Structure formats: structure tokens, C-alpha cells
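Each ligand, and each atom within it, is numbered from 1 in the order the structure gives. These figures come from a predicted structure and were not determined experimentally.
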Amino acid sequence: MPAIESPDDHPRLPQPSKDVPAFSPSTISVVFVLGGPGAGKGTQCANLVRDYGFKHLSAGDLLRAEQARPSSEFGELIKGYIKDGKIVPMEVTVALLENAMRDEIEKGNTKFLIDGFPRKMDQALKFESHVCPSMFTFFFDCPEEVMLQRLLNRGKTSGRADDNLESIKKRFRTFVETSLPVVDYFEKEGKVVKIDATKSPDEVYRAVKTGLKDRFQQRIGQ
Ligand code: C5P
Ligand code: MG
């Protein structure tokens, strides 16, 4: 039987340079949460945080916080992208997420729901190669009529600059053109748990828990 060579057999050969993610998926669990605007991602993430001890990191919330930070060099840029429903250049969003994850990992947290991300293929590839490969993606599937109604309702109290009809239409368009290809990409890798998000929050959560158990069984409750 041929011997299997280990790198130690050639101690002087340079090792190929590897682009190693900052966090290892063997110790850190990343679940992406995708779905159109108003699909109910935030609502379901709150349930999962309460019941399973996930840390919830919303890319949109991190961007809004960065935009509001007085000394941010990206404030104006982020503002414009959000109002137009466009995807902020990924370097900004990936860096915000990596920093937020690092803070949480230092506090001992290991399970993350990354909500509203990745919304574009370049974000997906960059995050998985530089930050941490994902375990799977929840995809909250919801028709635009339902999401529109929810967003217009939310707009009465959310104070968000993009919960108005004009911005909502742009966000829908960005979702279909730019974000659905990310769902397709993970689907081809067998890493999507699709949830019917038209039902009541409780019914949707039941489906979420079933999906989670299937994917996460061995690691929940560690
Ligand atoms: O997820 P949420 O609806 O809070 O996102 C609000 C806006 O933040 C998006 O419409 C987009 O402009 C920006 N965003 C982004 N990249 C992400 C998430 C959000 O550019 N991954
Ligand atoms: Mg949200």
C-alpha cells in the first residue's frame, strides 16, 4: 500500500498559501437568514435567540448603526444605498459582521444568525472564504403582495427611511435580481431550508424549528 505523504515529509517545501477563514465552522456555527424585505426574518430570529441562545446579527441593523455613528467615514455612502434599496459595497458589510462576530466570540458566543445577509454573490463568497463558512441558510419565501402590506404597516412606526412605497419597490427589485441568485447558489449546495413565510408568525416558527432540528440536531444544546 503506498505511503500517504504528510507535509512533514518535505519540511523545507513552502506550504501553499491558504486563504483561511477567520473563524472555524467546527467551533462557530453560522446560519444565514434570507428572504425578501418584510418576509419576517427579524421576527423569527428573535424567536430563535429566545429559545436556542443564538446571537442575532442583522446586516441591515449593523449598517444603520454604522450610518448613525458620528465619526463613520461610510455614513453618507450607506445612507444613499439604503434609501435606494441597493446593496452596500460588500467590504463595509463583511467588516461590520466580522467585527461584531469577533466581539461576541470573545464573550463566549458560538452560534450566529446572520440576518439579511448575504444579499449578493460577492458578499457570500467573501464571507465564506474570509470570515466563516455557513452551516445552512433559512430562506423565508413570501410573495411581494404580502411583504408590501407588512412593510407599509411597519412603516407607520418603524421610522425607517426605506419603509415607503418608492424604496420598497426598489428593494423588491434588488431582492429578485441580486439576492435570489444567492439563494439559488446555496440551494445547489444543498444548504437551504425553505420556509413558507406567508403564515402567522407562530405557524412559521413551527416550520423553522422543524428545519432547525433537521440541520442542527447534534449541535443544539451544547
Ligand atoms: O435587511 P434590511 O431590510 O434591514 O436592510 C436594509 C438595507 O440595508 C438594504 O435594503 C440594503 O440597502 C442594505 N443592506 C445591504 N447588504 C446587506 C443587508 C442590507 O446592502 N447584506
Ligand atoms: Mg430585518
Please assess Arg171 against Asp162 for the test salt bridge (Lys or Arg N to Asp or Glu O under 4.0 Å), listing each intermediate value before the final yes or no. CA-CA 8 Å; Arg171 290 157 69 198; Asp162 58 354; 3.6 Å; yes
Output all residues satisfying salt bridge (Lys or Arg N to Asp or Glu O under 4.0 Å) with Arg206, sequence neighbours left out; order by chain, then residue number.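 If we apply the salt bridge (Lys or Arg N to Asp or Glu O under 4.0 Å) test to Arg206, skipping adjacent residues, there are no hits.
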Partners passing salt bridge (Lys or Arg N to Asp or Glu O under 4.0 Å) against Glu166 (at least two apart in sequence or in another chain):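 Glu166 satisfies salt bridge (Lys or Arg N to Asp or Glu O under 4.0 Å) with Lys170 once adjacent residues are dropped.
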List of N/O pairs, ligand 1 versus protein, all under 3.5 Å?
unit_1: ligand 1; atom_1: 1 (O); unit_2: Arg119; atom_2: NH1; d: 3.0
unit_1: ligand 1; atom_1: 1 (O); unit_2: Arg119; atom_2: NH2; d: 3.2
unit_1: ligand 1; atom_1: 3 (O); unit_2: Arg160; atom_2: NH2; d: 3.0
unit_1: ligand 1; atom_1: 4 (O); unit_2: Arg64; atom_2: NH1; d: 3.0
unit_1: ligand 1; atom_1: 4 (O); unit_2: Arg64; atom_2: NH2; d: 2.9
unit_1: ligand 1; atom_1: 4 (O); unit_2: Arg160; atom_2: NH1; d: 3.2
unit_1: ligand 1; atom_1: 4 (O); unit_2: Arg160; atom_2: NH2; d: 3.4
unit_1: ligand 1; atom_1: 5 (O); unit_2: Arg119; atom_2: NH2; d: 3.2
unit_1: ligand 1; atom_1: 12 (O); unit_2: Lys86; atom_2: O; d: 2.6
unit_1: ligand 1; atom_1: 16 (N); unit_2: Gln123; atom_2: NE2; d: 3.4
unit_1: ligand 1; atom_1: 20 (O); unit_2: Val88; atom_2: N; d: 2.7
unit_1: ligand 1; atom_1: 21 (N); unit_2: Gly116; atom_2: O; d: 2.9
unit_1: ligand 1; atom_1: 21 (N); unit_2: Gln123; atom_2: OE1; d: 3.2

Between Phe186 and Phe136, is the ring-ring contact (aromatic ring centres under 6.0 Å, His included) condition met? List the steps. CA-CA 8 Å; Phe186 286 128; Phe136 70 94; over 10 Å; no
Sequence neighbours excluded, which residues qualify as ring pair (Phe, Tyr, Trp, His ring centres under 6.0 Å) partners of Tyr81?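 Tyr81 satisfies ring pair (Phe, Tyr, Trp, His ring centres under 6.0 Å) with no other residue.
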Got a salt bridge between Glu106 and Arg102, using NZ or NE/NH1/NH2 to carboxylate O under 4.0 Å?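 Salt bridge absent between Glu106 and Arg102.
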